[in-house]
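We're numbering straight along the sequence, starting at 1. Predicted, not measured: the structure shown is a model, and the values here were computed from it.
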Amino acid sequence: MQQIIVEIIGGLGNQMFQYAFGRAAAICHEAELWLDVSGFASYPLRQFNLGHFRIAGVVSEQSLDNSVPLYEEPHFHFDALAHTHSQSIRYRGYWQSPLYFSAVADRIRTDFQLRLAWPETYQSISNEIQNVESVGVHVRRGDYANNQTTQAFHGLAAPDYFRQAVDMMRDELGNPRFYFFSDDIEWCRGKFEGLDVVFVDIPEEREESGLKACRDLHLMSRCRHNILSNSSFSWWSAWLCDKPDKIVIAPNPWFATAGLDTQDLIPANWRSLPISGQRDMP
């Protein structure tokens, strides 16, 4: 039987793109899906976290059959040839375009449901989020703010970007409430304020690695609208949101470095604001 082998590496958002790409290919060709996670053995910054979801396929911590032909992502934007291979194949890349899996979107959303029930702390916030005009705001800091090399590549959304996005939501929505999620929630407390602002700060308990990030992602996806940082984790919070009338605001440009074509990364019905917060930027 044909095998689809996908190399999984990077943070949670990257892993989700790689899985969705491979899952779509496996469904298209009625093939077996194998997830090669052996790369994490030499990549201590991240761990494989997709196991917290109801994913399909076989997960292998050992490098799989090297005799299978390797197909490497040729460029950042959608590659129309990627899913056309009829023999067993190994894929290496990030595959960050929803065009790869739009035909099986419902299946992907099902696969990315959490395996374990939520604790009461999460369920309480989830209930609240779903009963108000909620806007999930994801503020990515961490290495984007503290590592010059990372910031030079990705860029960093300015406080004014988030303020403009919040103002836009306030203008368009009746009575919004903003739920801030961040890897630096104290920084957010010092930059944003308002009676309609909630800082989601659930302590990390002794639990399986990466489970809190998966739960936070699902909380954000349950908001009615989303304001994003320029991260794949942020992107998935909005894509998983199933509200047909949702408003999503993303920063532009998505990357600080030139040469990456993101034309099909951001869905056509999402909006954008300058990442710098400067209103006169085209």
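- Here CG of Asn226 is found 9.0 Å from NZ of Lys243. Values are rounded to the nearest 0.5 Å.
- By the 30° and 60° cut-offs, the orientation of the rings of Phe192 relative to Trp187 is perpendicular.
- No side-chain donor from either of Asn230 and Tyr161 sits under 3.5 Å from a side-chain acceptor of the other.
- Contact detail for Leu156 and Arg141: the closest heavy-atom pair is CD2-NH1, 3.6 Å.
- Here the closest non-hydrogen pair linking Pro251 and Ser229 is CG-C, 3.8 Å.
- In the hydrophobic clustering of ILVMFWY residues, with side-chain heavy atoms under 4.5 Å counting as a link, Tyr91 and Met16 come out together.
- In terms of hydrophobic clustering, with Ile, Leu, Val, Met, Phe, Trp and Tyr side chains grouped at heavy-atom distances under 4.5 Å, Ile249 and Tyr179 are assigned to different clusters.
- Atom CD of Gln18 sits about 8.5 Å away from atom CG of Leu50, to the nearest 0.5 Å.
- By the 6.0 Å contact criterion, CD on Gln148 is open, its count of non-hydrogen atoms from other residues, nucleotides or ligands being 12 or less.
- Using cut-offs of 30° and 60° for the angle between ring planes, the Phe255 and Phe153 rings count as perpendicular.
- Of the possible polar contacts, one joining the Gln15 side chain to the Gln47 backbone as a donor-acceptor pair under 3.5 Å is found.
- Between His83 and Ala24, the shortest heavy-atom distance links the atoms CE1-CB, 3.9 Å.
- Remark: of the listed residues Phe233, Tyr94, Tyr19, Tyr94 is the sole one forming a side-chain contact (heavy atoms from CB on, under 4.5 Å) with Asn14.
- No single ILVMFWY cluster, assembled from side-chain heavy atoms under 4.5 Å apart, contains both Met168 and Leu228.
- The distance from the NE2 atom of His138 to the OG atom of Ser182 is 6.5 Å, given to the nearest 0.5 Å.
- No side-chain donor from either of Gln113 and His218 sits under 3.5 Å from a side-chain acceptor of the other.
- In this structure, CZ on Arg177 lies 16.0 Å from CE on Met169, to the nearest 0.5 angstrom.
- The minimum heavy-atom distance between Tyr144 and Gly155, with the atom names listed, is CD2-O, 3.5 Å.
- Between Lys246 and Ala238, the shortest heavy-atom contact is NZ-O, 2.7 Å.
- Between the CD1 atom of Ile55 and the CG atom of Leu33 there is a distance of 8.0 Å, given to the nearest 0.5 Å.
- A donor and an acceptor atom, one from each side chain of Asn127 and Gln123, are located under 3.5 Å apart.
- For Tyr100 and Phe78, the distance between ring centers is under 6.0 angstrom.
- Both Val58 and Val68 are part of a single hydrophobic cluster, where members link through side-chain heavy atoms under 4.5 Å apart.
- When all heavy atoms are compared, the tightest approach of Phe40 to Ile9 is CZ-CA, 3.6 Å.
- Linking Ile, Leu, Val, Met, Phe, Trp and Tyr residues whenever their side-chain heavy atoms come within less than 4.5 Å places Val37 and Phe53 in a single cluster.
- Of the possible polar contacts, one joining the Arg224 side chain to the Val132 backbone as a donor-acceptor pair under 3.5 Å is found.
- Judged purely by atom type and a 3.5 angstrom limit, Arg92 has no side-chain atom pairing as donor or acceptor with the backbone of Tyr71.
- Here the two rings, on Phe112 and Trp239, have centers that are 6.0 Å apart or farther.
- Within a 6.0 Å radius of CD in Glu128, more than 12 heavy atoms belonging to other residues, nucleotides or ligands are found.
- Between Asp111 and Arg23, at least one side-chain nitrogen of the basic residue sits less than 4.0 Å from a carboxylate oxygen of the acidic one, meeting the salt-bridge criterion.
- The line from CD1 of Ile266 to OG of Ser272 is 8.5 Å long, rounded to the nearest 0.5 Å.
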